[in-house]
Number of protein chains: 2
Amino acid sequence: MTIFATGVGVPHNGGMTEAVIHKRDYEGELKRAGVRLTRPRRVIVGLLTQTEDHPDALEIFRRASAIDPSISLSTVYRTMKLLEGLGAIHRHAFEGGPSRFEQAGGDHHDHLIDLDTGDVIEFKSERIEALQAEIAERLGYDIVHHRLELYGRKRG
Amino acid sequence: MTIFATGVGVPHNGGMTEAVIHKRDYEGELKRAGVRLTRPRRVIVGLLTQTEDHPDALEIFRRASAIDPSISLSTVYRTMKLLEGLGAIHRHAFEGGPSRFEQAGGDHHDHLIDLDTGDVIEFKSERIEALQAEIAERLGYDIVHHRLELYGRKRG
DNA sequence: ATGCAGTTGCAAATCATTTGCAAGAAGAGG
DNA sequence: CCTCTTCTTGCAAATGATTTGCAACTGCAT
């Protein structure tokens with residue numbers, strides 16, 4: 001089992017994120033997709049690049065507003081949908097809350113959601129993946145995608 | 001791995017269900033919970049008893065309306081929430097759709113959702129459960145609950 | 001610079017679900 | 001079986017997340 005990252009930040013914290021340079025070239029992807037590189041899009045993908053946590057649309061809107069107050073929530077939603085369509089980000093609808101986003105590109109992984117803080121911990125288990133494939137196989141299905149989420153509290 | 005049931009019916013079929021007598025005593029549970037045994041509640045739990053599939057609130061409303069046209073959708077929602085609180089039913093928020101419900105009581109199981117038909121197939125894998133527990137353990141968490149859903153298409 | 005399609009902000013619309021409220025029934029006690 | 005109190009209901013309006021119509025605006029190819 002692999003642990004990718006411990007959850008940094010909550011979707012409702014409005015907090016700072018440390019500047020972490022990521023690999024993804026969103027601007028290039030937008031260009032390639034044939035869409036315009038507008039100011040709102042630059043701002044949004046710019047901060048996604050620095051994002052280590054799993055913010056929701058409203059949180060992204062807050063962060064974007066801090067850079068350019070004229071950006072609207074609609075545009076955040078539209079941009080997230082666009083990026084999702086391009087496969088540049090992943091959308092997660094965890095229980096009882098709005099969709100939260102993360103950059104695509106790392107290895108596939110599943111999530112453990114801390115029920116007290118909202119933090120998301122990413123992990124990966126080859127064995128679980130294999131078992132899922134085996135189950136689908138046995139049921140006569142091809143898996144298009146799956147969702148595995150553990151909801152828990154820090155042991156103590 | 002155990003297969004519990006093949007998905008019978010879609011949430012949006014409005015179709016017939018064969019009379020299957022189930023074990024759960026909803027009326028007793030409501031009584032014990034100290035709430036009133038009203039007509040709408042009788043009708044709703046009455047049809048849940050005959051339900052083998054995973055209908056959403058609107059579908060339950062349709063089925064209930066067929067028995068008593070005066071029942072309102074609000075009451076369906078209120079009743080489902082009540083039963084959920086009693087632990088008598090489980091709510092599943094599968095991707096891209098409204099919540100769907102099923103009677104509680106059988107063994108725990110996970111779901112495979114047929115993307116073409118909306119059918120739900122229940123399955124259980126002790127090995128996956130064990131691996132989940134192991135992962136949570138390693139991450140220092142106690143699992144409160146989890147969600148494992150496979151989305152796929154019938155192999156052909 | 002110019003022009004036009006792609007984009008945006010805003011407000012209004014949607015969807016699933018919840019809630020306020022006044023009218024209506026369970027069901028305990030007589 | 002009648003009463004009274006309280007819990008429930010139906011309806012409509014409110015919510016929360018997300019989407020969409022539309023007129024104003026702006027990338028960006030020319």
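Lettering follows sequence order; numbering is per chain, from 1.
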Tell me yes or no: between the side chains of His145(B) and His108(B), is some donor less than 3.5 Å from an acceptor? no
Side chain of Ile71(B), heavy atoms from C-beta onward: which of dG10(D), dC28(D), dA16(C) has the nearest atom to it? dG10(D)
Here the distance between atom P of dC28(D) and atom CZ of Arg32(A), to the nearest Å, is 15 Å
May I have the distance from Leu73(A) (atom CG) to dA12(C) (atom P), rounded to whole angstrom? 16 Å
Name the nucleic acid region contacted by Ser74(A), choosing base, sugar-phosphate or nothing; use a 4.0 angstrom heavy-atom cut-off, strictly under. base
Nearest-nucleotide 5' precedence on DNA chain C, Arg91(B) against Gly34(A): Gly34(A)
OP1 or OP2 of dA26(C) less than 4.0 angstrom from a side-chain nitrogen or oxygen of Arg42(B), does that happen here? no
Nucleotide nearest Ser72(B) when distance is taken to its side chain, options dG27(D), dA26(C), dC11(D): dC11(D)
Separation of dT17(C) P from Leu82(B) CG (nearest whole Å): 17 Å
Would you indicate, yes or no, if dT8(C) has its OP1 or OP2 atom less than 4.0 angstrom from a side-chain nitrogen or oxygen of Arg41(A)? yes
When you measure only distances, ignoring hydrogens and angles, does the side chain of Arg36(A) come within 3.5 Å of the base of dC28(D) through a donor and an acceptor? no
I want to confirm an ordering. Mapping Thr38(B) and Arg78(B) to their closest nucleotides on DNA chain C, which one lands closer to the 5' end? Arg78(B)
Does dT17(C) have its OP1 or OP2 closer than 4.0 Å to a side-chain nitrogen or oxygen of Tyr77(B)? yes
Phosphate OP1/OP2 of dT18(C): any Lys81(B) side-chain N/O under 4.0 Å: yes
Please name the residue in the list Arg147(A), Glu129(A), Glu122(A), Glu149(A) that meets the side-chain contact (heavy atoms from CB on, under 4.5 Å) test with Asp110(A). Glu129(A)
How long is the line joining CZ of Phe101(B) and C1' of dA16(C), in whole Å? 10 Å
With a 4.0 Å cut-off, would you call Asp25(B) and Arg32(B) a salt bridge? yes
Between dG16(D) atom P and Phe61(A) atom CZ, what is the distance in whole Å? 17 Å
Sidechain N-carboxylate O distance under 4.0 Å for Asp107(B), Lys124(B): no
Rounding to a whole Å, what distance do you find between Glu59(A):CD and dT18(D):C1'? 18 Å
Please find the pair of heavy atoms, one from Ala136(B) and one from Ile143(B), that lie closest to each other, and give the distance. CB-CG1, 3.3 Å
Could you state the atom-to-atom distance from CG of Leu37(A) to P of dT7(C) in whole Å? 10 Å
Expressed in angstrom and rounded to an integer, what is the separation of Phe94(B) atom CZ from dA16(C) atom P? 16 Å
